[in-house]
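Only one structure is covered here, and it is reproduced in the block below.
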Amino acid sequence: MDRIVIQGGKALQGRIPISGAKNAALTLMPCALLTDEPLTLRNLPRLADVDSFGHLLNELGVATSVEGARKGEFGRVMTFRAANIASTVAPYDIVRKMRASILVLGPLLARAGEATVSLPGGCAIGNRPIDLHLKALQALGAEIELAAGYVKATAPPGGLTGGTISFPTVSVGATENALMTAVLAKGTTVIENAAREPEITDLAQCLIAMGAEIEGLRSDTLTVHGKDRLHGATYAVMPDRIETGSYACAAMLTGGSLELVGAREDSMHAILSGLADAGALIEFKPGAIKVTGDGAIKPLSISTAPFPAFPTDMQAQFMAMLSLARGTSLLTETIFENRYMHVPELSRMGADIEVRGRSAVVRGVEGLVGAPVMATDLRASMSLVLAGLAAKGETQVNRIYHLDRGYERLEEKLQAVGAEIERVGGD
Ligand code: EPU
């Protein structure tokens, strides 16, 4: 199995192009199911999850074609066309590899009147139920059956009708499924306590470009006036705020300076203010954010929560950064119950971290030392790469298929700014 080998301790300097956001791409792609016309997505990142989602759409009858990047843009341009829905079943073999497959449930139901999706089950970072997705569809009139590990949603004979969906807790995925279903339901749907993540706004803007009528963008109440049909569109995926934040941590950890080209400030206030509080010099340039660290990292107290608060997807990378802070930090994870799997691995590299229930006490140490490490999820793996960039000696990060799910051309981007990092084949 391939691994990433890093010789740490080099201050990173230069420019890193930021790719399209994985979590926006994974909710924009299923929009193709909502129309028989082509949906063209620009700035799609080259990631394993994007490929897997493309395969899932192919199974459902969506034709896909790929063009290279346009001049001045990174990533790919892909066109998706669901002239007909060939199947309404998302099979276990695909869903088990990628939880985001649940995002075909709403669009298939809305377009074809029925959808059968394998239950995703738990994953490394927690239990991750889908009850909120199902409640949203039921509020629009869908009947839900669970059998043999699959969920089947069926629209009533007269079709789905708008209604009020009031989420008891904030869910990104359930808000996405609710939006993608409501755009083709009859009448008006109000989604209360909707997630406000920038990826939700990206989804709403793409749906609007396809002819949907949605009010309340960026707020926690979205009002959707259903349409009989949507049409094709061309839409560019927003830049990845988590990739941006991850490389900003790399600048801090190595006492370097990185210009993150294409990063968008409005999607990442909590991340940038955390970095600034940790001592980063942050400069806003046209089309880029420059982050400079002077090697002295200040401790922080941070709690993860839904947007606009600090994102759970940055917790592991901040923990790597704070392991070298001058003082003690407190991180609290409120979204997922099992998102500290990087802690034992960071500890093996010399970090001093103690987990107390949902919180982690991080006592800053003088330095980290390279070690062979592995992680069981994407962001945890990135925190180990970051630690490796700052550590003395060699770090080997194993199970890098996690990184390939969410970081486009990771080694190439880091090599270009001076990191000694390479991917090597293993047994
Ligand atoms: N939840 C429920 N019931 C549901 C849905 C969610 O109890 O029906 C719970 C979850 O178990 C969790 C909380 O609600 O405790 C929030 O989960 P949410 O639904 O918001 O997460 P998600 O849609 O499954 C997306 C991202 C995650 C990111 C979270 C939170 C995608 C494809 N995934 O997941 O990204 O951590 O939102 O912001 O958009 C990652 O990129 O590494 C990643 C895990």
Side-chain angles (χ1 to χ4, degrees), residues 19-30 45 47-50 52-53 56 95 97-106 117 119-139 144 146 151 153 165-180 191 193-203 220 237-238 240-246 267-268 270-271 304-317 333-339 341-342 358 375-383 401-408:
S19 298
K22 169 182 80 87
N23 289 347
L26 296 179
T27 189
L28 295 173
M29 292 170 74
L47 296 172
D49 272 9
V50 168
S52 304
F53 214 110
L56 171 58
V95 178
K97 286 194 208 121
M98 187 187 45
R99 290 188 49 87
S101 308
I102 192 69
L103 295 175
V104 300
L105 183 66
V117 177
L119 289 166
C123 74
I125 62 176
N127 212 5
R128 302 185 81 178
I130 58 157
D131 55 318
L132 302 175
H133 297 244
L134 304 185
K135 278 193 185 117
L137 305 187
Q138 278 169 324
I144 304 288
L146 300 177
V151 53
I165 300 169
S166 193
F167 287 119
T169 53
V170 177
S171 161
V172 173
T175 303
E176 291 167 346
N177 252 329
L179 254 183
M180 290 188 282
I191 307 173
N193 202 18
R196 285 182 284 164
E197 268 64 7
E199 292 76 14
I200 303 275
T201 308
D202 221 34
L203 167 63
D220 64 359
V237 181
M238 66 176 281
D240 197 314
R241 63 197 171 104
I242 306 302
E243 187 194 27
T244 307
S246 302
S267 68
M268 43 189 305
I271 299 172
T304 65
F307 193 85
F310 188 83
T312 173
D313 290 346
M314 279 303 302
Q315 178 258 109
Q317 302 90 314
E333 172 60 56
T334 73
I335 307 289
F336 293 110
E337 67 268 30
N338 188 23
R339 220 176 186 183
M341 278 153 322
H342 40 289
R358 294 190 315 169
T376 41
D377 80 80
L378 167 61
R379 309 303 172 188
S381 301
M382 188 59 179
S383 82
Y401 51 86
H402 291 297
L403 289 164
D404 292 335
R405 293 184 49 207
Y407 289 92
E408 183 176 14

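What's counted below: heavy atoms across the whole structure, side chains too, no hydrogens, waters or symmetry copies. Remember, it's 1-based here, ligands and their atoms both numbered in the order they're listed. Predicted, not measured: the structure shown is a model, and the values here were computed from it.
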Of Gln315, Arg358, Glu333, the residue whose pairing with Thr304 passes side chain to side chain donor-acceptor pair (under 3.5 Å): Glu333
Quick one: does ligand 1 sit under 4.0 Å from the side chain of Ala174, the backbone, both or neither, non-hydrogen atoms only? neither
Identify the closest protein heavy atom to atom 16 (C) of ligand 1: which residue and atom is it, and at what distance? Ile335 CG2, 3.7 Å
Can you list the ligand 1 atoms lying under 4.0 Å from a non-hydrogen atom of Asn23? 26 (C), 27 (C), 31 (C), 32 (C), 33 (N), 35 (O), 39 (O), 40 (C), 41 (O)
Check whether any N or O atom of Val172, backbone or side chain, sits under 3.5 Å from an N or O atom of ligand 1, and answer yes or no. yes
Can you find a non-hydrogen atom of Arg405 under 4.0 Å from ligand 1? no
Heavy-atom contacts with Gly173 under 4.0 Å: which atoms of ligand 1 show up? List them by number with element. 19 (O), 23 (O)
Quick one: nearest non-hydrogen protein atom to atom 21 (O) of ligand 1, plus distance? Phe336 CZ, 4.0 Å
What atoms of ligand 1 come within less than 4.0 Å of a heavy atom belonging to Arg128? 11 (O), 22 (P), 24 (O), 34 (O)
Provide the closest heavy-atom pair for Asp202 versus Ala24 in the form atom of the first, atom of the second, distance. OD2-CB, 3.7 Å
For atom 19 (O) of ligand 1, which protein heavy atom lies nearest, and how many Å away is it? Ser171 OG, 2.6 Å
Considering both backbone and side-chain atoms of Leu132, is one of its nitrogen or oxygen atoms within less than 3.5 Å of a nitrogen or oxygen in ligand 1? yes
For ligand 1, which is the ligand I care about here, please tell me if Asp313 has any N or O atom under 3.5 Å from one of the ligand's N or O atoms. yes
Closest non-hydrogen protein atom to atom 44 (C) of ligand 1, residue and atom name please, with distance? Arg339 NH2, 3.4 Å
Is the closest protein non-hydrogen atom to atom 9 (C) of ligand 1 under 4.0 Å? no
With a 3.5 Å distance limit and no angle check, can you tell me whether Ser381 reaches the backbone of His402 through a side-chain donor-acceptor pair? no
Could you please spell out the steps behind the salt bridge (charged side-chain N to carboxylate O under 4.0 Å, His left out) verdict for Asp313 and Arg339? CA-CA 9 Å; Asp313 290 346; Arg339 220 176 186 183; 2.7 Å; yes
Mode of Thr312 contact toward ligand 1 - side chain, backbone, both, neither (heavy atoms, under 4.0 Å): side chain
Name the closest protein heavy atom to atom 41 (O) of ligand 1, giving the residue it belongs to and the distance to 0.1 Å. Arg379 NH2, 2.8 Å
Test log, rule side-chain contact (heavy atoms from CB on, under 4.5 Å), inputs Leu26 and Glu199: CA-CA 10 Å; Leu26 296 179; Glu199 292 76 14; over 6 Å; no
Using a strict 4.0 Å cut-off to heavy atoms of Lys22, name the atoms of ligand 1 that fall inside it. 40 (C), 41 (O)
Evaluate the side-chain contact (heavy atoms from CB on, under 4.5 Å) criterion for residues Val95 and Ile102: first the C-alpha distance (whole Å), next the side-chain angles of each, then the deciding distance (0.1 Å), finally the verdict. CA-CA 7 Å; Val95 178; Ile102 192 69; 6.0 Å; no
Work out whether the distance between some heavy atom of Pro129 and some atom of ligand 1 is less than 4.0 Å. yes
Could you measure the distance from the CD atom of Glu176 to the CD atom of Glu197? Nearest 0.5 Å is fine. 8.5 Å
Quick one: closest heavy-atom pair of Leu103 and Gly173, and the distance? CD2-O, 3.7 Å
Any side-chain heavy atom of Ser246 sitting closer than 4.5 Å to one from Met314? yes
Are any of the N/O atoms in Asp131 less than 3.5 Å from those in ligand 1? yes
At what distance is the nearest protein heavy atom to atom 14 (O) of ligand 1, and which residue and atom is it? Val170 O, 4.2 Å
Short version for Phe307: what comes under 4.0 Å of ligand 1, heavy atoms counted, is neither
Does Arg196 come within less than 4.0 Å of Asp220, counting only side-chain N to carboxylate O? no
For the backbone of Lys22 and the side chain of Asp240, can you confirm whether one donor and one acceptor N or O come within less than 3.5 Å of each other? yes
Drop me the distance from Ser267's OG to Phe307's CZ, to the nearest 0.5 angstrom. 6.5 Å
